[in-house]
Amino acid sequence: MASFSSKSNTNRSISLPSRSHPATQKIEEELSKLKNWEFSASPTAEAVYNGLLGLGEVYKCMPDLLNLPLTLQAFSQCQDKKWVDDILDKSVRFLDICGATREIVSQFKENVKDVQSLLRRRKGDLSMEASCSINYVSFRKKMKKDAKNLVTILKKMDHEVVEVMEVDQLVSAVIRVLREVTTMGISVFQMVFVFLSAPISKPISKWSLVSRLVNKGDQDNVNEIESADFALNSLFKNGYNEVEKLHFVQSKLENLEAHFECIEDGLDNIFRCLIRSRSTLLNVVSCQ
């Protein structure tokens with residue numbers, strides 16, 4: 001599997017000082033799991049969902065970590081608060097990115113449902129079929145463009161590093177872990193956007209490609225969105241005469257909808273965790 005480029009793939013330690021606490025142990029464990037995860041350059045829906053699950057587990061640990069005495073001590077001891085402002089700023093931007101991603105995923109899921117509804121009716125209305133095909137492809141293009149724009153925002157965040165001078169080991173360790181959480185968040189959302197940016201297939205005149213997708217060996221190289229695209233393009237172009245082919249497309253769309261339900265659930269979970277994490281962070285900062 002190809003490795004997804006990320007600063008998180010380096011081998012630096014993320015351990016907090018030796019004053020062990022269940023909260024620090026938990027977040028280190030969850031970060032290590034994600035850090036060792038191989039982010040695919042061509043992710044499937046399952047890989048995306050697993051990445052979101054892992055990131056959700058990291059963010060669940062954040063309130064406990066932020067409320068630890070050693071974390072509060074780090075916030076109070078550090079004279080240079082630029083890194084705090086940086087973390088606060090990134091927490092807001094992550095909320096915006098997650099919210100935008102949820103909207104994209106939700107809209108695409110509804111688009112897939114519309115296509116499924118048309119296929120179930122199958123009344124032979126060519127104008128309706130053409131309109132459905134155009135709407136689907138148009139949204140795919142919009143989704144790809146939106147994902148590209150969000151990747152640009154992530155890359156900018158990834159390159160924004162606030163230098164913190166003259167801090168002790170405790171402050172340095174806390175800053176390092178908080179930044180590692182941000183880095184892992186960037187990596188996971190990049191993978192989500194790579195998945196959503198799957199190439200938009202062009203119409204094909206034969207069912208040879210769709211037949212090829214039935215072969216399990218070929219499915220490994222095509223994510224679920226592409227697979228549904230190929231099948232739909234052939235169906236819209238060649239008609240609905242063969243029941244077997246229609247059922248094949250319907251199964252692809254049902255599979256795609258189910259995967260997007262899972263991804264949407266993963267994003268909802270992260271969004272809630274981000275809100276709790278930011279609320280805790282604001283409380284901690286306001287007490288300093």
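In this chain, residues are counted from 1 in sequence order. Note that the structure is a prediction, hence the values are computed from the model and not measured. Scope of the values below: all heavy atoms of this structure, side chains included, with no hydrogens, waters or symmetry mates.
Remark: Glu29 does not engage Lys33 in a salt bridge, criterion side-chain N to carboxylate O under 4.0 Å. Of the charged side-chain nitrogens involved, none lies within less than 4.0 Å of a carboxylate oxygen, so that Asp86 and Lys82 do not count as a salt-bridged pair. Salt-bridge formation is detected for the pair Arg93/Glu160: a Lys NZ or Arg NE/NH1/NH2 atom is positioned less than 4.0 Å from an Asp or Glu carboxylate oxygen.
Between the Ser279 side chain and the Ile275 main chain, no donor and acceptor come within less than 3.5 Å of each other. A donor-acceptor pair under 3.5 Å is absent between the side-chain atoms of Arg140 and the main chain of Asp229, judged by distance alone. Side-chain atoms of Arg276 do not come within 3.5 Å of backbone N or O of Tyr59 as any donor-acceptor pair. Under the 3.5 Å distance criterion, the side-chain polar atoms of Ser286 are matched with a main-chain donor or acceptor of Leu282. In terms of modelled atom types and a separation under 3.5 Å, the side chain of Ser106 and the main chain of Arg102 share no donor-acceptor contact. Checking side-chain atoms of Ser197 against main-chain N and O of Phe193 turns up a donor-acceptor pair under 3.5 Å. Without hydrogens or angle criteria, Asp158 side chain to Leu154 main chain gives no donor-acceptor distance under 3.5 Å. In terms of modelled atom types and a separation under 3.5 Å, the side chain of Arg278 and the main chain of Leu88 share a donor-acceptor contact. Remark: side-chain polar atoms of Glu224 are paired, donor with acceptor, to backbone N or O of Ala45 under 3.5 angstrom. Remark: the backbone N or O of Asp85 is not paired with any side-chain donor or acceptor of Asp89 at under 3.5 angstrom.
The side-chain heavy atoms of Thr280 and Met62, taken from C-beta on, include no pair separated by under 4.5 Å. Counting heavy atoms from C-beta outward, Lys60 and Glu30 have side chains that stay 4.5 Å or more apart. Residues Lys252 and Phe230 fail the side-chain proximity criterion, which asks for heavy atoms closer than 4.5 Å. Annotation: side chain of Phe260 is in contact with side chain of Ile225 (closest heavy-atom distance under 4.5 Å). Between Phe94 and Thr182, the closest side-chain pair of non-hydrogen atoms falls below 4.5 Å. The shortest distance between side-chain heavy atoms of Lys144 and Leu196 does not fall below 4.5 Å.
No option in Leu55, Leu274, Leu150 other than Leu274 meets the side chain to side chain contact (heavy atoms under 4.5 Å, CB included) test with Cys98.
Taking CG of Leu66 as the start and CG of Leu178 as the end, the distance is 6.0 Å to the nearest 0.5 Å. Between atom NE2 of residue His247 and atom OG of residue Ser251 there is a gap of 9.5 Å, rounded to the nearest 0.5 Å. Between the CD1 atom of Ile27 and the CG atom of Leu68 there is a distance of 9.5 Å, given to the nearest 0.5 Å. Here the CE atom belonging to Met191 is positioned 6.5 Å from the CG atom belonging to Leu52, to the nearest 0.5 angstrom.
Within 6.0 Å of atom CD in Glu110, more than 12 heavy atoms from other residues, nucleotides or ligands are found, so the atom counts as buried in its surroundings.
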Exercise. Could you please spell out the steps behind the salt bridge (Lys or Arg N to Asp or Glu O under 4.0 Å) verdict for Lys109 and Glu257?
Key: CA-CA 6 Å; Lys109 190 180 68 174; Glu257 182 186 353; over 6 Å; no
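A side-chain N or O of Gln107 and one of Glu103 form a donor-acceptor pair less than 3.5 Å apart.
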